[in-house]
Student: 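Okay, handing you the structure first.
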Amino acid sequence: MTTDSGLHFDRDSTRVRLCRLQSFVKAIEIDPLGGAAPHLSVERIDERATRVSIRFELDRRVEADDWRARVSPAFEPSLSWSPHLTPTERHVVDRHCFRSPALLAADDRRVLALVPDLDAMTRREGVPWYLDLNAEARELTIGMSETEPDEAAHVLFMKRPGAAHEEGAVEVAFYLLAFEEASVAANPWRPILRFLWERWGAHAFRAVAASGSSLETMVGRAYRWAFRSWESAVWQRLEFDGEPVGAAAFIVNVTQSPNYPGPADEREFRSIWNQAWFSSLRTAHGMFRYGAATGDEELVRRAAQTKRLALSAPRRAGFFPAVLATEMEQATLNDGTFVNRSRGWDTAYWGNSNRNPVAPWRSVRGAPYHVLDMSWTALWMLRWYEELERDGALLAYAAEYADALLPLQRADGFFPAWLDYDTLRPLDVLADSPESSASATFLFKLAELTGEERYAASARLALDAVARDVVPHGRWEDFETYWSCSRFGEDRVGRKFERNDMYKQCNFSMFWTAEACKAAYAASGEARYLELGERCLDEMLMTQASWQPPYVPIDAVGGFGVMNGDAEWNDARQSLFAELILEYGELLDREEYIERGMAALRASFVMMYCPENPKTKAQWEAKYPFFDEKDYGFMMENYGHNGRVGERGLGIGEFSIFDWGAGAAAEAYLRIRAHRPELLRRYGW
C-alpha cells in the first residue's frame, strides 16, 4: 500500500483509518482482489471533499464474483439515504440507477456522503460498479459485481456470479464529502447535488443544450402525430347532452401505427383520464396555447372540448370521477389469433384509477375516488381560469369540490387518500400521506383567486402536517409507490426497510410538497416554507440524472427516475417538474437550478421518435423497423424501465401516452414559453 500522513493502517492491512476524517469515518475495510493487495491513495480536493483511490495491479485474470470497500461512519446516523433499496445482502444499487449516485449518512450536525468517481468508473471497461447501504451495520459500500434484475421485485437488482477482472490495473475511486454544520444537516442533499452538477452535470447539459435541437419543432411534431398521422387512434370523439367533447386516448401502442403490418391490438381498455399522471386537461392547456399562437382554430376547438369533458365528470356531493372508459371485447381474427378492441363510446362509463390498494388492476368501475386525482384536476381547472380563459364554470366546479374536501381534513391536518366508491367514507390506507400536499397547492390557488382565507388555512394545516410527519423521515409514500408497476413492498406500507433505514419512496410526493411549499411561501412570505421546499426539491433532484452515463445510449442528463424501487430513465414526469425547478432557481437565485430545470425540459422530448433525436430514433428503428415519418412524435413515457439498456432497442417500450409523453412535453414547453420566454431564447430553444 501507499501511505501518507493522513492514513493509518490497522494490523489487518485491509482496514484503513483516515486521520483527517476521523470524526466522520471510523474505518474503510477493503477486500483483496485475487490475492493482490490494494494500493490506496487519498487526495484532499478541498476542505469538504476527499478523493479515495483503491488500485490493484493484477498479473493475471482474476475471477471474483464480488469485491467491496466498506466505509463505516464514526457516528450514529439518524438519516440514511441510498438511490435504490437493497433490502437484503444479495441486493445492490446497480449502476443502472446511478442518476445522482451517492450514499448518505447524517445526524443533526454531521453529514457524510460517498460519491463514486464517475470518471474512474467509465475510464476502463470492466466489472460494473455498484453501491450498497447497510444502515443496520452502519456501512456505506462501493463494490464490483455482475448484476441482474430481481425477477421477484420490479425493479430491484441482485449480484450474480461470473465477474472476471482482466490482467492490468483495476481502480475503484470515490469521493467522501464531510460537513459538520447544522444548516447542511437540515438539507444534506444540497452539497451532493452541487458537487455532482459542478463536476459532471453542467458540462453534459451545456453540450446537449448546444446541440441545436429545436424543441419547438418537436412540439409541432407532437400535435401532428396525435391529430393527423395517428388521429384515428389518438383523438377520441363523443357527445354529452348533444354537445361534442373529446380528448386523447389514455394509451396507444405500436400495433396502432399506420405502418404496422398487422392488426391493431389495444394494450389496455380505451379510456380518457384526468388523474395525477395522465391529465387530459393539463395537455389541453398546451393545445390551447399552441393553437392560439399558430392560428390553428381546430386545435383550440379540441382543447375546449377536452375542457368540457373534464367539466362533464358527474359530481357526487362535490366529488367526481377521474376516468371515462369503454367496454372492451376480444375479437377473433381469421387466423385464430385474438386482439383487444373497444366496443365504442356508446358503451362509456365513469370510474376511477385502478392504481389503488382496494383491488389493484381491476376495472376502473367501482374503484375508490382518489382525493389526489380530484385535487390535481381541480388545480388545472383553476390554472385554466387564471391563465387561459375566465370560464366561470371552472371556478365554480373547483370551489364545489373544495367545499366537499375541507370536511375530509383530519384533526392532524392530513387529507385521506381514497374515498369508498359507494359510501364516500375515507379509507385507512395512506390516510396521512404526502399526497395531501397536492390538495394544499390546490387550496392555496383557490384562496388566491377567491380571497377566502378558509381555503388557505386548510392548506397550511395540511402542509404543516407533511412537514412534521413526512419530510424528516423520508416517508414519501403515494399511490405510485406501491400500486403501479412497482408493487414491491405493498405489504409494508408505513414501515421502513430496516437494512436501509428507508421507506420505499416516490419522487412524485417530493414534487407535490415542494410545489405546495412554494405556494405557501408566496401566500405568507414565511421563509420556513421556502427552506422546506428547497429541501424537498433537492431530495427530488437526487432522482435526476446529474451526468451522462456512456452506457446509456440516449441523452439522459436532466432526465428523471421515479422511485427507489424502479428503474426508469427519462420518465415523463420531468416535463411536470421542469418549471418548478426553474421557479426555485429564480426564488433562490441559483444558476444550478436554472440549468437543471432546462435540462429536465430538454429531457422531456428525448424519447420522442423524430430526426431531432438521432440516438433515440436509431433505438426505435432497431426495435420497430416499420417506423417512418408517419410515426414522428410517438413517444414512450420512459427508457430502460425493466432495468437494462443497450443498443438495438434494448430499453425501448411499445406504447405511447399522449398525456404522459409528447402532449405533456409540449405543454411544459408552452407553459415555460408563456411564463419565462427569456430562458428559451437564452438556449435557442
Side-chain angles (χ1 to χ4, degrees), residues 218-239 244-275 277-284 286-287 290-291 296 298-299 301-303 305-306 309 323-331 333 337-348 364 572 605 607-610 616-617 620-621 623-638 652-667:
M218 288 188 273
V219 169
R221 293 197 186 281
Y223 295 130
R224 284 192 294 275
W225 171 78
F227 305 125
R228 294 184 189 175
S229 61
W230 276 60
E231 179 179 13
S232 62
V234 175
W235 182 249
Q236 305 300 304
R237 296 179 175 87
L238 55 156
E239 287 190 357
V245 295
F250 158 49
I251 194 167
V252 294
N253 65 37
V254 295
T255 72
Q256 294 169 273
S257 166
N259 295 310
Y260 184 65
D265 183 13
E266 296 192 48
R267 187 178 190 269
E268 297 190 33
F269 56 90
R270 190 178 301 179
S271 54
I272 296 166
W273 292 51
N274 270 310
Q275 184 251 2
W277 276 329
F278 320 122
S279 173
S280 61
L281 183 61
R282 175 194 163 206
T283 49
M287 294 158 59
Y290 192 74
D296 188 339
E298 174 63 13
L299 194 56
R301 184 181 66 83
R302 292 189 187 200
Q305 289 181 352
T306 304
L309 178 60
V323 180
L324 182 65
T326 72
E327 301 286 359
M328 300 293 289
E329 64 184 6
Q330 198 171 65
L333 304 181
T337 60
F338 299 95
V339 295
N340 291 313
R341 290 178 178 170
S342 169
R343 292 174 57 194
W345 287 107
D346 290 341
T347 67
V364 298
F605 290 89
M607 292 312 299
M608 181 181 287
Y609 174 67
C610 62
T616 313
K617 183 173 181 285
W620 280 112
E621 290 172 352
K623 189 160 187 179
Y624 304 113
F626 56 85
F627 266 27
D628 68 11
E629 63 272 9
K630 293 178 184 176
D631 302 298
Y632 288 166
F634 187 97
M635 182 192 290
M636 179 66 186
E637 63 177 350
N638 53 48
I652 288 286
E654 54 89 24
F655 62 83
S656 185
I657 301 172
F658 182 71
D659 296 328
W660 198 238
E667 187 279 327

Student: Less than 4.5 Å apart, any side-chain heavy atom of Thr326 and any of Arg343?
Tutor: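 Thr326 does not reach Arg343 side chain to side chain.
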Student: Supply the atom-to-atom distance Asn340 CG to Arg267 CZ, rounded to the nearest 0.5 angstrom.
Tutor: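 Asn340 atom CG to Arg267 atom CZ measures 11.5 Å (nearest 0.5 Å).
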Student: Can you name the side-chain contact (heavy atoms from CB on, under 4.5 Å) partners of Ala325, sequence neighbours left out?
Tutor: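 Once residues adjacent in sequence are excluded, the partners of Ala325 under the side-chain contact (heavy atoms from CB on, under 4.5 Å) criterion are Phe269, Ser271, Val323, Tyr349, Val364.
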Student: Parallel, tilted or perpendicular: which one describes the rings of Phe634 and Trp230, with boundaries at 30° and 60°?
Tutor: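 Rings of Phe634 and Trp230: tilted, as their planes differ by 30° to 60°.
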Student: Tell me whether the rings of Tyr223 and Tyr290 are parallel (<30°), tilted (30 to 60°) or perpendicular (>60°).
Tutor: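 Aromatic pair Tyr223/Tyr290 classed tilted.
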Student: Applying side-chain hydrogen bond (donor to acceptor under 3.5 Å, both in side chains), can you list everything that pairs with Gln236, at least two apart in sequence or on another chain?
Tutor: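 Trp345.
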Student: Tell me the closest heavy-atom pair linking Ala572 and Gly661, and the distance in Å.
Tutor: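 Here Ala572 and Gly661 meet closest at CB-N, 4.2 Å.
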Student: Measure the spacing between CD of Glu667 and OG1 of Thr283 and express it to the nearest 0.5 Å.
Tutor: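 Taking CD in Glu667 and OG1 in Thr283, the distance rounds to 8.0 Å.
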Student: Got a salt bridge between Arg221 and Glu629, using NZ or NE/NH1/NH2 to carboxylate O under 4.0 Å?
Tutor: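 Salt bridge between Arg221 and Glu629, a charged N being under 4.0 Å from a carboxylate O: no.
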Student: What heavy-atom pair brings Ala249 and Ala233 nearest, and what distance separates the two atoms?
Tutor: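 Between these two residues, the closest heavy atoms are CB-O, 3.8 Å.
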Student: Report yes if some heavy atom in the side chain of Asn259 is under 4.5 Å from a heavy atom in the side chain of Tyr624; otherwise report no.
Tutor: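 Answer no - side chains too far apart.
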Student: Does a side chain donor of either Ser280 or Asn274 reach within less than 3.5 Å of an acceptor in the other side chain?
Tutor: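 Result is yes, a qualifying pair exists.
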Student: I need the minimum non-hydrogen distance between Leu309 and Gly246, along with the two atoms involved.
Tutor: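 Of all heavy-atom pairs spanning Leu309 and Gly246, the closest is CD2-O, 4.0 Å.
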Student: How many angstroms lie between atom CZ of Arg302 and atom CD of Glu231, to the nearest 0.5 angstrom?
Tutor: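 Between atom CZ of Arg302 and atom CD of Glu231 there are 4.5 Å.
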Student: So, taking the atom named CZ in Phe658 and the one named CE in Met635, what distance separates them when rounded to the nearest 0.5 Å?
Tutor: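 The CE atom of Met635 is 10.0 Å from CZ of Phe658, to the nearest 0.5 Å.
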Student: Can you tell me how far CD of Glu637 sits from CD1 of Ile251, rounded to the nearest 0.5 angstrom?
Tutor: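 Ile251 CD1 to Glu637 CD: 7.0 Å, rounded to 0.5 Å.
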Student: Parallel, tilted or perpendicular: which one describes the rings of Trp235 and Phe227, with boundaries at 30° and 60°?
Tutor: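 The rings of Trp235 and Phe227 stand perpendicular, inter-plane angle above 60°.
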Student: With distance as the sole criterion, is a donor-acceptor pair present between the side chains of Thr255 and Asp265 under 3.5 Å?
Tutor: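 Judged by distance alone, the side chains do not pair up.
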Student: Please find out if less than 6.0 Å separates the ring center of Tyr609 from that of Trp225.
Tutor: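 Judged by ring-centre distance (under 6.0 Å), Tyr609 and Trp225 do not meet the cut-off.
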Student: Can you check whether Met607's main-chain N or O pairs, donor with acceptor, with Trp620's side chain at less than 3.5 Å?
Tutor: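 Yes; judged by distance alone, with no hydrogens or angles, the pair exists.
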Student: Show the nearest heavy-atom pair for residues Leu333 and Pro263, with the distance to one decimal.
Tutor: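 Where Leu333 meets Pro263 most closely, the heavy atoms are CD1-CG, 3.3 Å.
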Student: Once rounded to the nearest 0.5 Å, what's the spacing between atom CZ of Arg270 and atom CZ of Arg341?
Tutor: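 One finds 10.5 Å between CZ of Arg270 and CZ of Arg341.
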Student: Testing the basics here: between Ile272 and Ala247, what is the closest heavy-atom pair and its distance to 0.1 Å?
Tutor: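 Looking at all heavy atoms of both residues, the shortest contact is CG2-CB, 3.5 Å.
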Student: In terms of side-chain heavy atoms, does Trp277 have a donor or acceptor partner in Asp659 at a distance below 3.5 Å?
Tutor: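 No, no side-chain donor-acceptor contact under 3.5 Å.
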Student: Can you give me the closest heavy-atom contact between Met608 and Ala222, atom names plus distance?
Tutor: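 Looks like CE-CB, 4.1 Å.
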Student: Would you say Val339 and Glu266 make side-chain contact, with heavy atoms under 4.5 Å?
Tutor: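 A side-chain contact is absent here, since even the closest heavy-atom pair is not under 4.5 Å.
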